[in-house]
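As the structure is a prediction and not an experimental result, all values here were calculated from the model.
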Amino acid sequence: MMKRVWVPVLLAGMAVPALAADPAPGQLAQAVSEAELKTNITSLVGFGTRHSASDTSSQTRGIGAARRWAEERFKGFSAACGNCLEIIKPSEVVTGDRLPTPTEIVDVLAIQPGTSEPDRFIIMSAHIDSRNSDPLDSKGDAPGANDDGSGTAAVIEAARVLSRHKFPATIVYAVLSGEEQGLNGGKVLADFARAHGWTVEAVLNNDIVGNSTGASGMKDSGHVRVFSEGTKAVETPAQANRRRYNGGEVDSPSRNLARFIDSLADHNINGLDVKMVYRTDRFGRGGDQTRMLEAGYPAVRITEAVEHYGRQHQNVRVENGRRYGDLIDGVDFQYLAKVTKLNVAALAALARAPMPPAVTITGQVSPDTKVSWTPVKGAAGYKIWWRDTTAPQWQYSRMAPADATSLTLEGVVIDDWFFGVSAVAADGSESPIAFPGDAGNFVSVSPVKP
């Protein structure tokens with residue numbers, strides 16, 4: 001049965017309650033505002049620098065003021081939705097090559113508890129800290145409009161839009177610190193999630209998502225890159241041996257999460273197509289999602305299609321007639337709005353759908369393949385998928401009812417295909433597809449601590 005919510009309808013001059021279905025993820029995404037995104041980035045740039053070791057006591061400059069601003073934004077949204085958000089600030093003291101003095105790294109999390117599965121978590125994250133040409137310079141200006149003011153603005157805007165609605169699973173809007181000094185905020189979040197026993201189904205890490213013109217001058221406002229690991233960072237040697245023999249190199253939970261986001265964009269976001277990149281991150285570079293992967297949580301990095309390197313990690317200056325620095329005039333707000341809409345739709349779709357099941361397959365020396373799965377809460381049915389082993393996307397599917405835990409695909413030889421299963425809710429919301437075995441399970445067994 002589809003969940004319903006009350007909405008006001010005018011009748012004979014009076015507001016009376018009427019029943020309406022929850023908006024679809026694509027409809028929810030339409031509430032994203034370019035003006036709100038610009039207001040958010042303008043505020044972030046206004047703090048001068050958000051270096052992780054910058055001033056924490058000033059009300060107008062530095063990382064402390066920026067984090068308090070994010071916290072106040074979340075508090076405002078929570079007040080508007082009847083205190084629907086729990087705001088917490090996990091922290092750790094960090095020392096390293098880029099933080100030679102012990103520095104407290106503080107994350108600001110706004111948690112929107114799920115209505116029926118509060119222990120299942122969907123996370124959208126971005127880092128609020130910034131830097132200039134010198135990673136140790138905590139006093140000089142580092143406006144960070146795009147890196148990662150754009151991602152932070154998107155997280156704040158997603159919280160504004162989605163806090164007005166309710167979802168079965170818990171959504172976490174995560175503003176992280178310390179990324180530029182060693183992905184520290186991602187580790188703080190991963191440690192907190194592990195310590196509190198969170199079942200994290202998905203992490204959408206947004207880092208540099210607001211620029212549409214690259215360093216070469218090429219403009220691309222129609223694509224966004226989604227990076228995903230091919231094999232799990234927490235894979236054991238025994239699991240690796242099974243995966244090497246039976247397949248799964250391109251079917252980690254993160255990879256199938258990327259496929260899910262790609263399909264969602266195709267059907268819900270006008271003018272934006274996902275370019276899946278089969279890498280954990282850009283070549284030789286990193287982001288906070290890697291800390292979540294190291295803790296065994298499915299995670300992807302969402303990043304603009306073309307980067308402008310003259311606007312990243314640079315002092316603001318003009319040199320040989322060329323401008324450098326991460327200023328607000330380098331942000332394409334129409335493009336940023338599309339990427340934010342994709343995140344909003346993905347969060348809503350993931351939080352409404354059931355958890356992906358754990359899957360196994362059998363069928364060696366047989367013309368048929370038996371696909372089995374564990375039941376998951378909230379599933380009204382299951383969809384069994386298969387595809388050619390060289391196909392980038394899932395191709396064929398069959399439905400099974402809610403009380404089924406297996407289905408035999410007659411005439412489908414196990415040797416020639418890859419298989420997976422998604423869980424489908426009563427309203428049609430569908431989970432990402434889970435590949436069989438440890439390689440594809442969305443819950444990793446005994447993950448390595450970050």
Side-chain angles (χ1 to χ4, degrees), residues 25 28-29 31-33 36-37 39-41 43-44 50 66-91 106-115 117-118 120-129 148-179 185-186 188-190 192-193 196 198 200-207 209-210 261 287-289 291-292 297 299-302 336-337 339-352:
L28 290 174
V32 168
S33 165
E36 287 283 341
L37 291 166
T39 295
N40 290 338
I41 294 183
S43 296
L44 289 165
R50 305 187 305 277
R67 289 192 297 237
R68 287 189 291 275
W69 168 84
E71 182 181 3
E72 289 304 312
R73 291 289 281 161
F74 286 144
K75 285 181 177 178
F77 304 150
S78 187
C81 63
N83 296 320
C84 69
L85 300 178
E86 179 186 3
I87 298 155
I88 58 175
K89 296 183 290 183
S91 66
V106 183
D107 292 344
V108 182
L109 311 181
I111 302 175
Q112 183 175 344
T115 56
E117 297 180 74
R120 178 165 64 94
F121 291 79
I122 314 297
I123 301 173
M124 180 183 178
S125 63
H127 71 89
I128 196 171
D129 61 297
D148 187 29
S150 61
T152 301
V155 170
I156 298 289
E157 178 63 356
R160 184 187 73 84
V161 171
L162 292 179
S163 59
R164 304 171 181 178
H165 304 271
K166 295 185 182 299
F167 303 90
T170 294
I171 300 176
V172 179
Y173 311 97
V175 172
L176 311 179
S177 300
E179 192 268 356
V188 170
L189 177 58
F192 186 85
H196 289 80
W198 288 5
V200 178
E201 178 185 340
V203 180
L204 314 182
N205 186 47
N206 285 255
D207 197 346
V209 291
I261 296 170
D288 282 313
Q289 80 282 355
R291 297 303 191 195
M292 303 302 287
Y297 300 131
V300 297
R301 179 193 176 110
I302 300 174
L336 175 58
V339 177
T340 307
K341 288 177 181 178
L342 176 60
N343 277 272
V344 167
L347 290 174
L350 289 163
R352 280 190 183 160

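- Of the charged side-chain nitrogens involved, none lies within less than 4.0 Å of a carboxylate oxygen, so that E72 and R68 do not count as a salt-bridged pair.
- Expressed to the nearest 0.5 Å, how far CD of E179 lies from CG of D129 amounts to 6.0 Å.
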| said: Apply side-chain contact (heavy atoms from CB on, under 4.5 Å) to residues V32 and L37 and explain how you reach the verdict. | reply: CA-CA 8 Å; V32 168; L37 291 166; 4.2 Å; yes
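- Evaluated for a side-chain contact (heavy atoms from CB on, under 4.5 Å) with Y173, the options L109, L162, I156 yield exactly one hit, L162.
- In this structure, A346 and L204 approach most closely via the heavy-atom pair CB-CD1, 3.8 Å.
- I302 CD1 to L342 CG: the interatomic distance, rounded to the nearest 0.5 Å, is 6.0 Å.
- For the atom pair CZ of R352 and CG of L28, the computed distance is 5.0 Å after rounding to the nearest 0.5 Å.
- V188 and P90 get closest at one heavy-atom pair: CG1-O, 3.6 Å.
- For the pair R301 (side chain) and D207 (backbone), a donor-acceptor distance under 3.5 Å is present.
- Looking at heavy atoms from C-beta onward, L336 lies in side-chain contact with I41 at the 4.5 angstrom threshold.
- In this structure, the side chain of T170 does not engage the main chain of F121 through any donor-acceptor pair within 3.5 Å.
- Between M292 and S125 there is no side-chain heavy-atom pair separated by less than 4.5 Å.
- For the residue pair Y297 and A190, the shortest heavy atom distance occurs at CE1-O, 4.2 Å.
- Considering only heavy atoms from C-beta on, L189 stays 4.5 Å or farther from V203 through its side chain.
- Shown here for L85 and A110, the closest heavy-atom pair between the two residues is CD1-CB, 4.3 Å.
- Comment: R73 engages E36 in a salt bridge, judged by a side-chain N to carboxylate O separation of less than 4.0 angstrom.
- The main-chain N or O of V175 is never found under 3.5 Å from a side-chain atom of R67 such that the two would form a donor-acceptor pair.
- Atoms CG and OG, on D288 and S177 in that order, are 9.5 Å from each other to the nearest 0.5 Å.
- Annotation for S163 and C84: closest pair O-SG, 3.5 Å, computed over non-hydrogen atoms.
- With R50 contributing its side chain and L44 its backbone, the two residues share a donor-acceptor pair below 3.5 Å.
- One distance of note links CG of L176 with CG of D107; it measures 4.5 Å at 0.5 Å rounding.
- In this structure, D148 contributes its side chain and A126 its backbone to no donor-acceptor pair below 3.5 Å.
- Ring pair W198/F192 is perpendicular by interplanar angle, where above 60° counts as perpendicular and below 30° as parallel.
- Of the possible polar contacts, none joining the E157 side chain to the T340 backbone as a donor-acceptor pair under 3.5 Å is found.
- Once rounded to the nearest 0.5 Å, the distance linking NZ of K166 with SG of C81 reads 7.5 Å.
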| request: Kindly indicate, with the supporting measurements, whether the criterion side-chain contact (heavy atoms from CB on, under 4.5 Å) is fulfilled by N206 and M124. | output: CA-CA 7 Å; N206 285 255; M124 180 183 178; 3.8 Å; yes
